Protein chains: 2
Amino acid sequence: MTKTKTAEAAPKALPLNQIMDGDCIEAMQSLPDECIDLIFADPPYNLQLKGALHRPDNSKVDAVDDHWDQFSSFRAYDEFSQAWLAEARRILKPNGAIWVIGSYHNIFRVGAKMQDAGFWILNDVVWRKSNPMPNFRGKRLTNAHETMIWASKSEGGKYTFNYEALKALNEGVQMRSDWVLPLCTGHERLKDENGQKAHPTQKPESLLHRVLIGSTNPGDVVLDPFFGTGTTGAVAKMLGRDFIGIEREENYREIAKKRIAKVRRLDRDSLMVSTSKRAEPRVAFGVLVERGMLRPGEELFSLNGRHKAKVRADGTLVSHDTKGSIHQVGAALEGAPSCNGWTYWAFKQEGKQVPIDVLRQQIRAEMARPGEA
Amino acid sequence: MTKTKTAEAAPKALPLNQIMDGDCIEAMQSLPDECIDLIFADPPYNLQLKGALHRPDNSKVDAVDDHWDQFSSFRAYDEFSQAWLAEARRILKPNGAIWVIGSYHNIFRVGAKMQDAGFWILNDVVWRKSNPMPNFRGKRLTNAHETMIWASKSEGGKYTFNYEALKALNEGVQMRSDWVLPLCTGHERLKDENGQKAHPTQKPESLLHRVLIGSTNPGDVVLDPFFGTGTTGAVAKMLGRDFIGIEREENYREIAKKRIAKVRRLDRDSLMVSTSKRAEPRVAFGVLVERGMLRPGEELFSLNGRHKAKVRADGTLVSHDTKGSIHQVGAALEGAPSCNGWTYWAFKQEGKQVPIDVLRQQIRAEMARPGEA
DNA sequence: CACTATAGTGAATCGCCTG
DNA sequence: ACAGGCGATTCACTATAGT
């Protein structure tokens, strides 16, 4: 399913790796037909929140009450969805695809409009949050997930799907339609000059990592019409994809620009993803990469000090001309029949070598918690 | 949130614990307004419906009709959804609720129509299948979940939600919107005389168990307009709820009837679930003073150690120049929007601080004992 | 420095009864 | 209908302060 970029696919210069200013519909109108490989869209959810909400300790929840999330009615929201989806579909290449993320407030309406517009749904994917905000009043279930819709431009569209790469990210078994990933917090969460969150709904990079690894190839053009603080652009740049962002808030554009400038593109080795079957590893080393505990391109060192290897975006290693799982590469370098990669490899942290098994323990601790079985 | 059945709620005899024959819309039309506590609906998907669908002009759609394109298919499905949802909403009690289950083929369209009909979405719930069928062709993600929409009849409807019971089901932490449950297999899966599965989409009883425990009380009337082989009825009977099924396939009705006949209702003790404090009788703080459990003039201490207040003869507190109920004074001293005085204040007993809530529990225990109230 | 305690926070459609 | 009082209600994680 590899696609090559042709001159015809970009008949005039696209604003690649830039952030367009203004309304997303108007900005898309300025782009030519069939020039985009993948669209990732995180439209306003139309939350319709009422009064203030306090936690049991009486602290106030910082609600999403931004003007851009306000619509007067379901009808107004539907018209907005229909309009941006129509433009999005026009500029998508025939074999392109789209991802749209939302919650129960909007996703059903958006999904129906997507089908009406001619998009062909491939999967709905559930982002299961490992650390969601609880339901403080005990009146409903914890709202612990969001829904993404993955669709091709039309029925029969030859969309990109890197099956083996996603399988490699998932312990060697097929990637499922439910993805357990933590919220965007900590250092990854962008802050403004006052230390407050820069954007109320910043998405985790791990989510975009999985989307882009699974449904684009290096060199593809990824459009995000609701760019915000640029998570899509940051991950696209890291993974060697081109991006086009559209964002109407100047503040967000500035933050995104600075953020993306700091991102380093991965080298070619790290970008190569598996193209053939390999043995089923016992543990999902790829999750460490996806979650940013280890970065693609980062070097691992054998604990005996004799070898090193580089991490790739799909959770495999490369050392000289040897590629494969952490176990396979370790075994090959040692000339041994087998090797437990978890106890063989270490990464550098503040000058010290730390076994990667430490990271596995962290993941396991998360997985052991209820609700994540 | 306990509801009592009243004569007015069932003005004429309902076909309780029976399976109605025929089309679900016509069958619902024969039921009176506002007679159902909960609806669980597993509507058929798009393509299975062709033979039964009507075009907007009411001409019947022929399954082999060449003019059956994607657009008219969606349109007809929407009309079908709208029609059955309208009837479902009419027969639902004002404080009733509905669950609808579907996959990406239909759930977005159904969800949008539910919102259009006036249903108020409470949560979308993901049934995360622990043992899904793999995607054999490797062209998409493993379709490992289905989506349920839980909605009240209207915004502001006082739906039933047994928060504590679901929390107990989830090892003491509040129930999330993603439920990990296995598919219906093994002995639970009904077989026909040839050993083939009797129904293509039989739902697991564990799913209905959680739905009914969480959103109904014993004695409630549960309607399933797409009854199939009767999972809803079987679980409802077991849990001491009444059911009404509607199914147009005689074969399914027969299987369901036999299945439900074998189910035994649980005894009363087994049906008891954890309840909220909200359901317990109110006790006025003044009663503690009246009964001499606390004396006027006695000092209370905030459990955080920062404040104290004096009890007055009328059951109010005074602290410096702040007077009022245990709640009002607590909130004022903490500068908080509200305060639960029962868990905020303590009194001194033999040198130790004891929360006043202990005294409330004593009163409640006395009230529960017959002949002492 | 290691460890513990405390505070803060995340796309949230988050009461009910009485007068 | 509306106002006001009662009083029920949180999970996982990060960051910082304290010991």
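Quick caveat, the model's predicted, so the values are computed rather than measured. Every heavy atom of this structure was used, including side-chain atoms; hydrogens, water molecules and symmetry mates were not.
- Using a 4.0 Å heavy-atom criterion, one finds that Glu155(B) contacts no nucleic acid atom at all.
- Residues Asp124(B) and His145(A) have side chains that bring a donor and an acceptor to within less than 3.5 angstrom of each other.
- With 3.5 Å as the limit, one finds a donor-acceptor pair spanning the side chains of Arg259(A) and Thr231(A).
- Leu141(A) has its CG atom 15 Å from the C1' atom of dT9(D), to the nearest Å.
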What one-letter contact string describes nucleotides 3-12 of chain C from 5' to 3', where B marks a base within less than 4.0 Å of any protein heavy atom, S marks contact via sugar-phosphate atoms alone, and - marks no contact?
-> ------BBBB
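- A ring-centre distance under 6.0 Å is not found for Trp68(A) and Phe226(A).
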Could you pull out every donor-acceptor pair under 3.5 Å between side chains of residues 299-306 of chain B and any protein atom, sequence neighbours left out?
unit_1: Ser302(B); atom_1: OG; unit_2: Asn304(B); atom_2: OD1; d: 2.6
unit_1: Ser302(B); atom_1: OG; unit_2: Gly305(B); atom_2: N; d: 3.4
unit_1: Ser302(B); atom_1: OG; unit_2: Arg306(B); atom_2: N; d: 3.2
unit_1: Ser302(B); atom_1: OG; unit_2: His307(B); atom_2: N; d: 3.0
unit_1: Ser302(B); atom_1: OG; unit_2: His307(B); atom_2: O; d: 3.4
unit_1: Asn304(B); atom_1: OD1; unit_2: Arg306(B); atom_2: N; d: 2.9
unit_1: Asn304(B); atom_1: ND2; unit_2: Glu334(B); atom_2: OE2; d: 3.0

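- Between the side chains of Ser103(A) and His105(A), a donor-acceptor pair is found at a separation under 3.5 Å.
- When the shell of 6.0 Å around NZ of Lys310(B) is examined, it contains 12 or fewer heavy atoms from other residues, nucleotides or ligands.
- Nucleic acid contact class of His187(A) (heavy atoms, under 4.0 Å, all strands): sugar-phosphate only.
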Nucleotides 2-8 of chain D: protein proximity per nucleotide (B base, S sugar-phosphate only, - neither; heavy atom, under 4.0 Å) | ---SBBB
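- Remark: C1' of dC16(C) and NZ of Lys158(B) are 8 Å apart, rounded to the nearest angstrom.
- In this structure a side-chain-to-backbone donor-acceptor pair under 3.5 Å is missing from Arg128(B) to Asp178(B).
- Remark: the separation of the P atoms in dC14(C) and dA12(D) is 22 Å, to the nearest Å.
- Across dC1(C) and dG18(D), the matching C1' atoms stand 14 Å from one another, rounded to whole Å.
- Within 6.0 Å of CZ on Arg312(B) lie more than 12 heavy atoms contributed by other residues, nucleotides or ligands.
- Per the geometry, OH belonging to Tyr163(B) stands 11 Å off C1' belonging to dC14(C), to the nearest Å.
- One C1' atom belongs to dG8(C), the other to dT10(D), and the distance between them is 13 Å to the nearest Å.
- The ring pair (Phe, Tyr, Trp, His ring centres under 6.0 Å) search around Trp150(B) returns Trp99(B), Tyr159(B), Phe161(B), not counting sequence neighbours.
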Writing each nucleotide of DNA chain C 5' to 3' as (, ), [, ], | or . by Watson-Crick or G-U pairing under 3.5 Å yields .|||||||||....|||||
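- A search for ring pair (Phe, Tyr, Trp, His ring centres under 6.0 Å) contacts involving Tyr252(A) returns His199(A), not counting sequence neighbours.
- A 4.5 Å side-chain heavy-atom check between Leu183(A) and Pro204(A) finds every atom pair outside the cut-off.
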